[in-house]
Amino acid sequence: MTHPVKIVMVEDDHGHAKLIEKNIRRANINNEIKHFDDGGSALDYLFSAEVLANGPLLILLDLNLPDMSGTDILEKVKSDDRLRRAPVVVLTTTDDKVEIQRCYDLGCNVYITKPVDYESFAGAIRQLGLFLSVMQAPEIE
Amino acid sequence: MDLSVRSTWSRIGEFLRTPSLARSVMGLLAVAFSLLLAVNVVTFVMSQRTAQTNDQIETAQAMRRDARTVLIATLDAETAQRGFLLTGRSEFLQPYRQAQEVLGPATARLHRAAMDDPSLWPSVRRIEELATTKQAELASTLRMAREGRIGPAIQAVRSGQGKVVMDDLRAAVADFDQLKSTRIAARSESSERLARATVAANVTAALLVLVLAGLSAWLVRRYVIEIQGARDQLNQMNAGLEATVEERTGDLIRANEEIQRFAYIVSHDLRAPLVNVMGYTSELEQAGKVIDNAITEAQKVREVQPDVVMAVREDMPEAIGFIRASTEKMDRLINAILKLSREGRRNLSPETLDMTAMAQNIADSVHHQTDASGARIVVETLPVLESDRLSMEQIFGNLIDNAVKYLDHDRPGEIVVSGQEVPGGWTVYRIADNGRGIAPRDHERIFELFRRSGRQDRTGEGLGLAFVRNSVRRLGGTIDVESELGKGSTFILKFPKRLIVSEPGAAL
């Protein structure tokens with residue numbers, strides 16, 4: 001039996017979170033979205049027994065979090081034997097070359113910069129939705 | 001003249017008042033020289049006096065000789081007289097005549113010598129008198145004998161008068177001899193004393209000079225040690241200075257990095273809320289359209305309040321338009337800051353650049369604009385430069401773009417790019433245009449971020465020149481502008497011929 005992919009969104013800005021969710025829904029992606037607004041609670045959830053029981057995951061990650069950097073979460077996820085197969089999409093305002101490189105080095109699967117221009121932003125999210133609809137996420141063992 | 005003398009004096013006074021090694025050594029040398037001089041003078045005086053004494057001794061000896069000559073000659077004359085009186089033969093008178101010849105000059109010499117020394121006068125007078133008396137006695141007896149009066153002549157001799165005179169003369173000469181030899185002895189002794197004193201003075205002076213030389217050597221040695229100490233201290237201070245410079249440079253680099261980080265953080269943290277402002281403005285706009293449609297539907301069945309229609313169809317779109325325009329502007333400004341901050345962090349890689357080709361490429365890239373307005377860009381042969389390619393392209397690109405952008409449409413535009421090497425390892429480039437020019441009060445302002453000059457009839461954010469100046473400074477150069485409003489502007493770039501990057505990627 002295959003489980004639907006669950007989307008874990010780590011985003012401290014509620015406005016951004018809402019906009020992302022809206023645009024994902026507009027792209028006809030109806031998967032469950034679990035939102036965390038700080039790194040600590042997101043990590044607690046990711047490393048809990050519940051995640052193991054509930055199948056595949058996709059992580060949407062912001063880099064500027066109040067309690068830690070998104071790269072810390074990325075590092076922990078990608079160094080964990082079970083979680084490292086989960087695709088991670090970094091979605092953040094930072095378009096710094098060094099930062100992007102660092103994320104890919106740590107094993108991030110997609111890096112998307114949030115454009116200030118709303119049309120581009122919405123477009124990017126919808127394309128992400130399109131991407132998510134055809135993407136196959138592995139089971140978490 | 002008077003002034004210079006006075007200043008010389010005051011300088012000498014200053015020198016004498018200030019304790020220093022030079023003063024001490026000069027003092028010692030002066031003492032040594034005056035000692036030597038004194039010894040020389042003393043020696044000279046002594047030798048003069050010795051010579052004088054020797055002269056006196058010689059004179060005294062001569063006088064003794066003369067006195068004796070007088071006595072001997074008188075004795076010879078007496079012997080001749082007696083021989084003649086006894087024999088009557090004239091050849092016995094030969095010694096008498098010889099004695100007469102000797103006697104005269106000897107007496108005269110004695111007389112002259114005595115005139116120089118009055119103390120000798122009585123003795124010499126007496127010798128002279130006695131000699132004269134004796135001569136007179138001899139002459140009278142001989143005359144008597146020649147006249148044939150031998151008897152009275154012998155009588156005269158026999159009277160013993162001549163013998164008395166002769167004895168007196170002998171005694172007088174002996175006295176004189178005695179006197180003279182005493183004096184000679186005294187003088188010899190004083191001469192010896194003088195000689196001893198001279199030797200003593202010379203030895204003392206020599207010793208003193210040796211002591212002074214030793215003292216000078218000691219002073220110089222001490223001074224050399226002091227100088228060495230001072231030099232060591234200076235070296236230490238130099239080392240400390242280098243450490244200080246390094247420390248300051250480190251502080252500067254840290255401060256610079258701090259600013260870069262600050263610009264970076266501000267840019268990103270300011271961007272996040274803007275995403276929301278823009279996003280929800282669009283959401284509002286969408287919602288407004290929904291309401292608009294609802295009103296259109298409602299108007300088909302009934303009258304809608306005009307202020308509601310006004311609010312939805314005019315006020316809301318206007319408000320949303322302003323919010324959007326401002327947010328977009330804000331975004332451009334943030335991006336500009338971000339670009340500046342990124343440029344400041346970019347690693348520079350110096351290479352040899354064909355500036356003529358680079359400038360020509362840039363000129364060609366804007367030819368569609370220049371052709372449209374009938375302007376032309378002249379690129380002269382430019383000196384090559386060793387610097388960072390990307391930065392130079394951005395600098396020249398910005399300046400040439402600006403020159404084209406702000407040409408005056410009333411006259412055919414002409415932009416001249418020139419350059420030459422200047423002494424001191426620098427290269428100067430000039431980008432001159434005959435455009436609208438810049439008012440003097442704006443010559444500094446145009447290089448500031450977000451500041452623009454003149455009529456705001458061209459698009460732009462006021463970033464280009466701020467960016468250019470930032471880049472020029474990073475490359476170790478300077479940028480200046482010469483401009484007259486309505487005539488044109490010349491931007492003058494000055495770069496080191498070779499860019500030296502102290503540390504790869506150092507944000508200096």
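In the text below, chain A, chain B and the rest are named by the order of the sequence lines, each starting its count at 1.
If you take CG on L274(B) and OG1 on T93(A), they are separated by 10.5 Å, rounding to the nearest 0.5 Å. Separating the CG atom in N276(B) from the NZ atom in K18(A) is a distance of 12.5 Å, to the nearest 0.5 Å.
A 4.5 Å side-chain heavy-atom check between E283(B) and L19(A) finds at least one atom pair inside the cut-off.
Only the side chain of L338(B) has a heavy atom closer than 4.5 Å to any heavy atom of chain A. Neither the backbone nor the side chain of E11(A) comes within less than 4.5 Å of any heavy atom of chain B. Heavy atoms of D331(B) lying under 4.5 Å from chain A belong exclusively to its side chain.
Applying the side-chain hydrogen bond (donor to acceptor under 3.5 Å, both in side chains) rule to R84(A) yields no partners; only residues at least two apart in sequence or on another chain are considered. With sequence neighbours excluded, no residue satisfies ring-ring contact (aromatic ring centres under 6.0 Å, His included) with F495(B).
For OH of Y104(A), the number of neighbouring non-hydrogen atoms (other residues, nucleotides, ligands) closer than 6.0 Å is greater than 12. No more than 12 heavy atoms of other residues, nucleotides or ligands sit less than 6.0 Å from atom CZ of R498(B). Residue-environment remark: CZ (R102(A)) stays at or below the threshold of 12 foreign heavy atoms within 6.0 Å.
Panel note: side chain D13(A), backbone P273(B); no donor-acceptor pair is recorded below 3.5 Å. Here the side chain of H16(A) pairs a donor or acceptor atom with the backbone of A272(B) at under 3.5 angstrom.
For the options R271(B), M330(B), R324(B), heavy-atom pairs under 4.5 Å to chain A are most numerous at R271(B).
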